[in-house]
Novice: 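Dumping the structure here so I can ask a few things about it.
All chains are named by letter (A, B, ...) in the order of the sequence lines, taking the proteins before the strands, and each is independently numbered beginning at 1. Just so it is clear, the values below take in all heavy atoms, side chains as well, and ignore hydrogens, waters and symmetry mates.
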There are 2 protein chains.
Amino acid sequence: MSWRKEQRRAERGYHHGNLKEALLQAALGLIAEKGAAGFTFADAARMAGVSAAAPYRHFRDRDELLSSIAQRGFEQFEARLSAAWDDGRPDTVTAFERVGKAYLAFAREEPAFYNAMFESGVPVDANAALQAASERAFNIIRAAAERLAALTPPGTPRPPAMMMALHIWSMAHGVASLFSRGDAARRKLPMSPDELLEAEVLIYLRGLGFPIDRRPATKGAEPPPVPPEASSGSGVPPGGPWGKPK
Amino acid sequence: MSWRKEQRRAERGYHHGNLKEALLQAALGLIAEKGAAGFTFADAARMAGVSAAAPYRHFRDRDELLSSIAQRGFEQFEARLSAAWDDGRPDTVTAFERVGKAYLAFAREEPAFYNAMFESGVPVDANAALQAASERAFNIIRAAAERLAALTPPGTPRPPAMMMALHIWSMAHGVASLFSRGDAARRKLPMSPDELLEAEVLIYLRGLGFPIDRRPATKGAEPPPVPPEASSGSGVPPGGPWGKPK
DNA sequence: AGCTCATGTGAACGACCTTTACATGAGCCG
DNA sequence: CGGCTCATGTAAAGGTCGTTCACATGAGCT
């Protein structure tokens, strides 16, 4: 019964050496399995092979551990969005689409982070560092929207970039949280969450005046609103983002 | 110390008489205050003036109480969406906009229900009645989308109504869950959640080919895509849903 | 009047969160 | 090398919860 503990102790010594990190990793795994609500401080301690009181040397309480994870999540989130955006290469619309997909991919592949960030009830303004990380992540979307807004075709009113960013964020979060994760994914859909979001964003962009489906034959620098990637990279079938109208 | 309990008992007798309902109401209040995660079965019992074991005569466990609330929430949700839709009167687009607003209004005014329905981790397919209620609510959006899809202007491909419904749902849920409730509402925005969602939906609809901002002078039955409500009821300023492009 | 069964009680178990007093040992200073 | 100090870990204990079980109560039927 207790030889395991003894053995662990032997392997590790009285001091763990890297408990904080071990706890974060353990918590991440537990949240991925059972959600932020089901995760327990005691379990994380057990998993790290220490007593239930040890975590309190590294985190004020359970909530602080949770918000640490959320913060780390926002940092990784920012990194992924940033890589997807790639400063708008090869062209703004393609890169923008990639950001949307990266958003969903993150929600799907890092359920624990996503959960801690958006569904754990951790108030974003609890921690200044957390809030800053959250803002940095959002700023990627904002910057992308800024660049996109600058490309609105002549004759069309230019939408506020901030509004565009919030719209895109709400679409991505809505799809992720309703259809792309956990039991929510069980709702049966006529298309995958990725396709759903892609179509949604494309229709939205078209509503802003971007000639998404009919690529203009014009060419040159950026000013021609949508360079000829519309058919190749972003997978828009001719006739509209949702395929043939039957 | 115990005279309060005695008094309660005296007021009420050994049997509560309506405990199930009292528990649901108590839980609703507690969830509104502290979120579904923070709500405790014991608290609900205390609030109803009964022992901690009493609730088990009416609910198998805490989760069943939660999913009962979610179910009731979906029923009220359906009622409100349905009233807002009003079978497409006075015209489809106006009614559609009203449904979007009703969605947000519900999320804002009934945070406890919304929380139980979408953020409590209750699996929708746990309970057949719950699932049915959830589907009935979604079907309002679906039906509205169906009617709207039928109005796509000639020459524009007709989008699948199901897809439209899912898009609208994800927008509404995204805005509600990110900006319209609890601490999430603290994120400072350039516009209210209602305005944000309204603009989002209008841009989206325009992307589908609906001439949202330039109302056609045509009139008659439904076939003229957007009857002259666009400027009156739905509050779209000329020049686009987001106001002047500065 | 008496029976029955739905409904409520109290006590108890195990798990969790958190605090407190105490133990250990790694790193530094002389 | 010897000893001090302080960050880090432990055990124990108090409080809350969820849940179960044996038992109490009394409303409604016969």
Side-chain angles (χ1 to χ4, degrees), chain A residues 1-24 26-27 30-31 33-69 120-122 126, chain B residues 1-27 30-31 33-69 116 120-122 126:
Chain A
M1 176 73 174
S2 83
W3 68 271
R4 294 209 96 245
K5 203 189 291 181
E6 298 305 329
Q7 176 180 337
R8 277 231 171 119
R9 187 89 60 90
E11 282 169 359
R12 183 206 88 199
Y14 189 95
H15 289 284
H16 182 289
N18 199 14
L19 184 53
K20 185 161 188 171
E21 192 55 34
L23 287 171
L24 286 166
L30 290 170
I31 294 174
E33 277 179 38
K34 307 183 293 185
F39 138 81
T40 93
F41 219 28
D43 251 344
R46 228 179 328 253
M47 192 155 303
V50 297
S51 76
Y56 290 85
R57 296 293 176 193
H58 301 275
F59 301 95
R60 198 176 346 86
D61 56 18
R62 185 179 170 281
D63 282 349
E64 194 183 272
L65 170 52
L66 221 52
S67 88
S68 286
I69 291 191
S120 67
V122 171
Chain B
M1 176 73 176
S2 82
W3 68 269
R4 293 208 98 244
K5 205 189 291 179
E6 298 305 329
Q7 176 180 338
R8 275 227 171 123
R9 186 91 59 90
E11 282 169 0
R12 182 207 88 201
Y14 189 94
H15 289 285
H16 182 289
N18 199 13
L19 184 52
K20 186 162 188 169
E21 192 54 36
L23 287 172
L24 286 167
Q25 290 305 326
L30 289 170
I31 294 175
E33 277 179 38
K34 307 184 292 186
F39 139 80
T40 93
F41 219 29
D43 251 344
R46 225 178 330 250
M47 192 155 303
V50 298
S51 76
Y56 289 87
R57 295 294 177 193
H58 301 276
F59 301 95
R60 196 174 352 81
D61 56 18
R62 183 179 171 283
D63 281 349
E64 195 183 273
L65 170 51
L66 222 51
S67 87
S68 285
I69 291 191
S120 68
V122 171

Novice: For the side chain of A:Asp61 and the backbone of A:Glu64, is there at least one donor-acceptor N/O pair under 3.5 Å apart?
Specialist: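 Between the backbone of A:Glu64 and the side chain of A:Asp61 there is a qualifying donor-acceptor contact (under 3.5 Å).
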Novice: For residues A:Asp43 and A:Arg46, determine if any side-chain heavy atom of one lies less than 4.5 Å from a side-chain heavy atom of the other.
Specialist: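 Counting from C-beta outward, A:Asp43 and A:Arg46 do come under 4.5 Å.
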Novice: Tell me: CZ of A:Phe39 to C1' of C:dC16, nearest whole Å?
Specialist: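 After rounding, the reported distance stands at 12 Å.
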Novice: How would you list, by chain and number, every residue that makes a side-chain contact (heavy atoms from CB on, under 4.5 Å) with A:Ser67, sequence neighbours excluded?
Specialist: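 For A:Ser67 the side-chain contact (heavy atoms from CB on, under 4.5 Å) partners, ignoring immediate neighbours, are A:Val122, A:Asn127, A:Leu130.
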Novice: Rounded to whole angstrom units, what separation is found between the CG atom of A:Leu19 and the C1' atom of D:dT10?
Specialist: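 Spelled out: CG on A:Leu19 to C1' on D:dT10 is 13 Å.
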Novice: Quick one: salt bridge (Lys or Arg N to Asp or Glu O under 4.0 Å) partners of B:Glu33, sequence neighbours excluded?
Specialist: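 Scan of B:Glu33 (salt bridge (Lys or Arg N to Asp or Glu O under 4.0 Å), adjacent residues dropped) gives none.
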Novice: What is the distance, rounded to the nearest whole Å, between atom OH of A:Tyr56 and atom C1' of D:dA13?
Specialist: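 Answer to the nearest Å: 14 Å.
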Novice: What's the CG-C1' distance between B:Leu23 and C:dT7, to the nearest Å?
Specialist: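 Those two atoms, CG and C1', are 12 Å apart.
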Novice: With sequence neighbours left out, write down each residue that passes side-chain contact (heavy atoms from CB on, under 4.5 Å) with A:Ala52, or none if nothing qualifies.
Specialist: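 Residues passing side-chain contact (heavy atoms from CB on, under 4.5 Å) with A:Ala52: none at all.
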Novice: In whole Å, I'd like the distance from the CZ atom of B:Phe41 to the C1' atom of C:dA15.
Specialist: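 For the pair B:Phe41 CZ and C:dA15 C1', the rounded distance is 18 Å.
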Novice: Between B:Lys20 (NZ) and C:dG8 (C1'), how many Å, whole number?
Specialist: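 Rounded to the whole Å, the gap is 16 Å.
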Novice: Between P on C:dC16 and CG on A:Asp43, what's the gap in Å once rounded to a whole number?
Specialist: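 Distance, rounded to whole Å: 6 Å.
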Novice: Pair up each side-chain donor or acceptor in residues 16-27 of chain B with any protein partner under 3.5 Å, not counting sequence neighbours, and list the distances.
Specialist:
unit_1  : atom_1 : unit_2  : atom_2 : d
B:His16 : ND1    : B:Asn18 : N      : 3.0
B:His16 : ND1    : B:Leu19 : N      : 3.2
B:Glu21 : OE1    : B:Arg72 : NH2    : 3.1
B:Glu21 : OE2    : B:Gln25 : NE2    : 3.2
B:Glu21 : OE2    : B:Arg72 : NH1    : 3.0

Novice: Does anything in residues 60-67 of chain A come within less than 4.0 Å of DNA chain D? Heavy atoms only, and list the residues if so.
Specialist: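 Close to the strand, none.
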Novice: Does B:His58 make a side-chain N or O approach to OP1 or OP2 of C:dA6 shorter than 4.0 Å?
Specialist: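 Looking at the OP1 and OP2 atoms of C:dA6, neither is under 4.0 Å from any side-chain N or O of B:His58.
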Novice: Determine, for nucleotides 21-28 of chain D in 5'-to-3' order, which nucleotides have protein heavy atoms under 4.0 Å from the base (write B), from only the sugar-phosphate (write S), or from neither (write -).
Specialist: BBBBBS--
